[in-house]
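Working notes for the structure below.
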2 protein chains.
Amino acid sequence: MTLDVKTLCLGVLTQGEASGYDIKKQFEQVFSYFYVASFGSIYPALTQLAREGLVVCREESQPNRPDRKVYALTEAGRERLLATLQATPPRHRIRSEFYALLHFAHLLPARRVGELIDERLSDVNRTIEEIENMLARLGAEDCGLEPGQRFEVELALHTLRAHRDFIQKNGPALAREAQANTSSDLQYSGT
Amino acid sequence: MTLDVKTLCLGVLTQGEASGYDIKKQFEQVFSYFYVASFGSIYPALTQLAREGLVVCREESQPNRPDRKVYALTEAGRERLLATLQATPPRHRIRSEFYALLHFAHLLPARRVGELIDERLSDVNRTIEEIENMLARLGAEDCGLEPGQRFEVELALHTLRAHRDFIQKNGPALAREAQANTSSDLQYSGT
DNA sequence: GCGATGGTATATCGGTTCGATATATGACGC
DNA sequence: GCGTCATATATCGAACCGATATACCATCGC
């Protein structure tokens, strides 16, 4: 079994009612570093969950705004969530264009290799900052994280920092090496 | 633009001819820790690449065996690969049931939390070993890695080890904490 | 000699998901 | 008055995963 978008939506709804839009924001703010989900999967998921009776939908028609469809977890939904969490193996997959590009770096011009390193570095730093900000925000509001969530966040931070430190330390050498190779033997001459 | 299976197949074919089956093995042995691709995507990808003239297919009918369809990169294919590698942003996404389950660990019985930690730990250790074995094999055969590939593998190893070390150090405390919570307040009472 | 297991090899199919796009409205700056 | 941003829902094609089917051979236990 796999943790699909439907299950994650149920999970978000354990924290209270939410619209599809709210859930998307949750995904971006809380899950973004280990899960992505777009409107294209969230809205159909909610529709289907409602059909299965795992959530109920209440339409909030507010003046001068598009209708808000607010979803809430049902008892059946809660049970389904718990059962699925029980049965799901803890997989962990990476889909990385960055690693793939490094794998074929020898086919690329040196400048590009340096850019890849820099771009990855700023991406990682942005992610780390986002998580740190989230921690600070939660700390200030004192709406405590569950122990599992604290572990999760700290593990992610620890892992990301190690990732960043390695790139920071060894990235420049790789860029220089690529430079040295290209100066004598041009692999790619632009478009 | 995204690095899709088609592009990765072109990349594998820069190292020489290969069948779909060979390419799958390459994916498993070399890309497995940052990319997954199944037969269900590789075979259609090769068919389409052949239709576009980016690879050529030679059918090797060997006695008492299913035919082997051996694919080779064309000049157009090589150019397409380089252009795509040039244009692809270095994204890096994680899809982790493990992190997700940690996020909802407070809904799970304590035993399950401990099992998740253990299972993740042995998964990570297996991955680390596989990479180390691959490095040893390549070192013995002296078919050197490109600098980018060496960087890639060492970055992955460094990151995975940090990930493992954190879990090893702090996992047991989380499992104990879950235990303490469950003893007074039972969240889930089995199926 | 025979079934089980596992490796080689290709292929398809359903269901899920990504990413882009469409539509509509209000707020806010300038 | 105009662009841009946030709120809000929705759809659609393309891509992809994972399971499954098919077929043959080698090896090994029994």
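All values below were derived from every heavy atom in this structure, side-chain atoms included, with hydrogens, water molecules and symmetry-related copies excluded.
- Relative to the axis of its first five pairs, the axis of the last five pairs of the helix from C:dG1-D:dC30 to C:dC30-D:dG1 sits at 30°, rounded to 10 degrees.
- Considering only side-chain N and O atoms, A:Arg91 lies nowhere under 4.0 angstrom from the phosphate OP1 or OP2 of D:dC17.
- Of all heavy-atom pairs spanning B:Leu101 and A:Thr88, the tightest one is CD1-O, 3.5 Å.
- Interface residues of residues 24-46 of chain A facing DNA chain C, ordered by number: A:Val36, A:Ala37, A:Ser38, A:Gly40, A:Ser41; criterion, heavy-atom separation under 4.0 Å.
- Considering only side-chain atoms of B:Asp4, the nucleotide from C:dT17, D:dG18, D:dA15 that sits closest is D:dA15.
- Side-chain contact check for A:Arg161 versus A:Val124: every heavy-atom pair is 4.5 Å or farther apart.
- Members clustered with A:Val70: none, using a 4.5 Å side-chain heavy-atom cutoff among hydrophobic residues.
- A heavy atom lying under 4.0 Å from DNA chain C marks the following residues of residues 7-23 of chain B, by number: B:Ser19, B:Gly20, B:Tyr21.
- Between A:Tyr33 and B:Tyr99, the ring planes are perpendicular. Angles over 60° get that label, and only those under 30° would be called parallel.
- One can place CD of A:Glu59 at 8 Å from P of D:dA10, the figure rounded to the nearest angstrom.
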* Asked: What do the steps show when you test A:Lys69 against A:Tyr71 for side-chain contact (heavy atoms from CB on, under 4.5 Å), and what is the final call?
  -> CA-CA 6 Å; A:Lys69 291 189 184 174; A:Tyr71 294 87; 3.9 Å; yes
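- Sorted by first and then second residue, the salt bridge (charged side-chain N to carboxylate O under 4.0 Å, His left out) pairs with a member in residues 82-91 of chain A read A:Arg91-B:Glu97; sequence neighbours excluded.
- Contacts of residues 93-100 of chain B with DNA chain D (heavy atom under 4.0 Å): none.
- Among residues two or more places apart in sequence or in another chain, the salt bridge (Lys or Arg N to Asp or Glu O under 4.0 Å) test is passed with A:Glu119 by none.
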* To do: Run the numbers on B:Arg95 and A:His92 for side chain to side chain donor-acceptor pair (under 3.5 Å), then give the verdict.
  => CA-CA 6 Å; B:Arg95 172 68 155 246; A:His92 185 93; over 6 Å; no
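- Rounded to an integer number of Å, the gap from CZ of B:Arg58 to P of C:dA9 is 13 Å.
- For residues 34-54 of chain A, every residue pair satisfying the salt bridge (charged side-chain N to carboxylate O under 4.0 Å, His left out) rule, not counting sequence neighbours, is listed here: A:Lys6-A:Glu52, A:Glu52-A:Arg80.
- By the 4.5 Å side-chain criterion applied to Ile, Leu, Val, Met, Phe, Trp and Tyr, B:Val36 is assigned to no cluster and stands alone.
- Heavy-atom nearest nucleotides on DNA chain D were determined for A:Thr2 and for A:Tyr71, and the one closer to the 5' end corresponds to A:Tyr71.
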Let me have the donor-acceptor pairs involving side chains of residues 15-25 of chain B, under 3.5 Å, with sequence neighbours excluded, atom names and distances please.
| residue | atom | partner | partner atom | Å |
| --- | --- | --- | --- | --- |
| B:Glu17 | OE1 | B:Arg58 | NH2 | 2.5 |
| B:Glu17 | OE2 | B:Arg58 | NH2 | 3.1 |
| B:Ser19 | OG | B:Tyr21 | N | 3.4 |
| B:Ser19 | OG | B:Asp22 | N | 3.1 |
| B:Ser19 | OG | B:Asp22 | OD2 | 3.1 |
| B:Asp22 | OD2 | B:Ser19 | N | 3.0 |
| B:Asp22 | OD2 | B:Arg68 | NH2 | 3.1 |
| B:Lys24 | NZ | B:Glu28 | OE2 | 2.9 |

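- In this entry the distance linking CZ of B:Arg68 with P of C:dA11 reads 13 Å, nearest Å.
- The side chain of B:Lys69 has C:dA11 as its nearest neighbour among C:dA9, D:dT9, C:dA11.
- Applying the ring-ring contact (aromatic ring centres under 6.0 Å, His included) criterion to B:His158, with sequence neighbours excluded, gives A:Phe166.
- Here B:Phe31 pairs with A:His103, B:Phe27, B:Phe34 under the ring-ring contact (aromatic ring centres under 6.0 Å, His included) rule; sequence neighbours left out.
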